[in-house]
Amino acid sequence: MKKLLKFLLLFVALTVTSVSVTSCDVEDGKDGKDGINGVDGQNGQDGKDGDDLTLEPTMFENKSNLKPLIAMSPQFNFVETYSLVSSSDVFQFNGADFRIGGGADGAGFLKNGDGYEYVVNFEDHFAVARLSLDEHFNITNATYLLNSSVADFARQCSGTMWEKEIHGGDKDLFLSASEAFSYDVKGIDPLVETPTPTADFGLDALGEFSWENATPLPKGTYAGKTVIIGGDDDSSDSEGQVTMYYSDAGDADLTGGKIYVLKFKQISDGADGIQDVAANTQYDESNLDFQKEYDVEFVEIVDGKNLSKSEMETACNDVFASQFMRVEDVDYQKGSDANAVNVFFAVTGRGPGRGTYNDWGTIYKLVLDASNPLRGKLTQVISGNTDTNNMDGNLADLQSPDNICVTEHYIYTQEDPNSFSRGHSAYIYQSDLNGDNSRVVMELVVRNDLAKDKSTGLSGEYGSLIDISDKVGEPDTFMLALQPHYWKNDDFAGVDGGTNSLTHPWLSNGPYLEGSQIVILKGLPR
């Protein structure tokens with residue numbers, strides 16, 4: 001041990017000596033003074049203090065106290081997500097508390113001076129709210145434009161903003177569609193100074209259906225005409241229709257037009273071919289082959305604006321309107337007025353074991369004739385029916401497509417797997433405009449800590465996905481509404497300020513307690 005210690009001391013000494021030798025310059029230390037290059041620095045003053053770090057305000061940050069309830073898939077990990085507002089956020093405007101309701105679904109977005117107006121409906125709070133945003137997306141005001149105390153209260157499902165610059169006329173109008181209790185489309189002024197949340201906003205000329213959405217086409221697509229395509233979310237009697245409101249009396253006539261429903265002119269011959277339909281015969285989705293194109297037409301429902309919901313069902317059967325298993329959302333291809341003749345709609349299906357012709361859901365592309373919107377060609381471009389029905393689908397994971405967003409290049413299909421599912425949380429898929437090359441973009445996050453019963457259930461769906469890129473000057477920017485149905489809280493009761501959401505007819509006359517969230521997506525390709 002002593003020998004080892006002596007060896008170590010000798011090694012350290014030699015090492016120190018070696019380092020000191022190799023670090024010296026031959027000119028240093030000649031006379032014991034600092035070497036030529038060892039002059040002390042001049043003055044030795046402190047450097048100038050740097051400026052304090054100031055973060056620039058931005059729309060791309062979490063504004064809500066709850067992080068985004070979505071998880072991007074690895075293939076879309078370049079997309080950034082930010083929460084704008086959640087039902088857990090409480091604001092005070094004009095001396096009153098404000099929260100967003102539950103079941104956030106249809107939405108529209110307008111530039112207003114230096115800021116913006118975001119209008120969104122809340123399905124089972126039977127309400128529509130307006131959020132005023134500054135240039136950095138801070139919420140500066142908020143109010144309900146419609147609440148559940150309105151006499152014709154109804155589920156407020158998908159909605160679309162009629163924008164005067166895009167769709168015609170001299171004013172903007174939020175079209176909020178109603179699928180249950182009352183069966184109309186409400187037209188609400190999104191910029192009204194003094195809201196009247198219990199007023200009658202019904203657009204009677206569009207007719208009564210189980211409305212999921214009412215989507216106006218751009219004014220330049222059919223010059224001098226008004227065209228609104230709708231989805232009838234129904235599975236009974238005449239089942240679901242694709243509807244059209246059509247007027248040739250100007251590009252913003254919402255009172256004098258006629259009502260039409262889609263009818264097949266051709267069907268499958270059962271041997272991979274196409275044949276003409278038989279007269280006075282009603283057909284449904286089972287009469288079409290996947291990804292085959294068929295001629296269709298829109299036939300008039302005479303005096304449609306004066307028919308009740310049940311009378312409309314009878315009228316649709318009388319004209320042999322073609323049937324779909326619950327038509328949900330409707331959108332059109334962006335990029336130009338000419339592109340808008342390419343209309344897409346989601347059919348949500350009914351679920352396996354129900355004995356219907358569409359179990360898992362489908363997406364259709366309807367190409368309207370460029371000179372006459374009452375004629376067109378129809379193709380089923382996406383189908384979840386890979387193992388059921390015709391077993392000819394192309395997206396095996398698909399479960400109950402509901403809302404859709406169509407950009408210039410893509411279809412974004414959003415799921416609502418609450419009635420039936422394949423065992424995964426709600427997805428959004430990106431596909432090309434032919435329905436091919438589908439990829440999962442994101443899934444809805446199920447946070448057990450937000451569920452009253454700490455459930456692990458996959459309850460939840462998406463509301464509207466809208467492209468706001470051009471209005472905010474940021475490419476590939478979207479707003480997405482989320483419906484995490486598992487998130488319930490007593491604090492969410494009656495947030496719309498009305499009474500019927502407190503005595504919900506489908507909840508044993510109890511209050512509707514679900515929350516919502518609105519998120520910003522940065523970098524989602526359009």
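Annotation: cation-pi geometry satisfied between Lys309 and Tyr183 (NZ/CZ under 6.0 angstrom from ring centroid, within 45° of ring axis). Annotation: cation-pi geometry not satisfied between Lys292 and Tyr294 (NZ/CZ under 6.0 angstrom from ring centroid, within 45° of ring axis).
Contact between Val347 and Pro401 at its shortest, heavy atoms only, is O-CG, 3.6 Å. Of all heavy-atom pairs spanning Ser400 and Phe420, the tightest one is CB-CZ, 3.6 Å. Shortest non-hydrogen contact noted between Ser464 and Asn403 is N-ND2, 3.3 Å. The heavy-atom pair separating Gln517 from Val519 by the smallest distance is OE1-CG1, 3.4 Å. Closest approach of Ala104 and Val120 over heavy atoms only: CB-CG2, 4.1 Å. Closest heavy-atom contact between Ser425 and Gln399: O-NE2, 3.7 Å.
Put simply, the side chain of Asp416 never gets that close to the backbone of Asp402: no donor and acceptor are under 3.5 Å apart. The backbone N or O of Thr143 sits nowhere less than 3.5 Å from a side-chain atom of Arg130 that would complete a donor-acceptor pair. For the pair Tyr462 (side chain) and Leu444 (backbone), a donor-acceptor distance under 3.5 Å is present. With hydrogens and angles ignored, the 3.5 Å screen pairs no side-chain donor or acceptor of His167 with any backbone N or O of Thr215. When atom types are taken as modelled, the side chain of Thr226 and the backbone of Gly250 share a donor-acceptor pair closer than 3.5 angstrom.
Side chain to side chain, Asp467 and Ser469 meet the donor-acceptor criterion of an N or O pair below 3.5 Å. For the residue pair Ser210 / Asp233, no side-chain donor-acceptor distance below 3.5 Å is found, with atom types taken as modelled.
Under the 4.0 Å criterion applied to side-chain N and carboxylate O atoms, Lys219 and Glu163 are not assigned as salt-bridge partners. Salt bridge absent: Asp295 and Lys265 never bring a charged side-chain N and a carboxylate O closer than 4.0 Å.
By the 30° and 60° cut-offs, the orientation of the rings of Phe324 relative to Phe264 is perpendicular. Taking the six-membered ring where tryptophan is involved, the planes of His504 and Phe181 are perpendicular, since the angle between them exceeds 60° and thus also 30°.
Residues forming a side chain to side chain donor-acceptor pair (under 3.5 Å) with Thr196 (at least two apart in sequence, or on another chain): none. Applying the ring-ring contact (aromatic ring centres under 6.0 Å, His included) rule to His424 yields the partners Tyr427; only residues at least two apart in sequence or on another chain are considered.
Ring centroid separation for the pair Trp506 and Tyr512 does not come in under the 6.0 Å cut-off.
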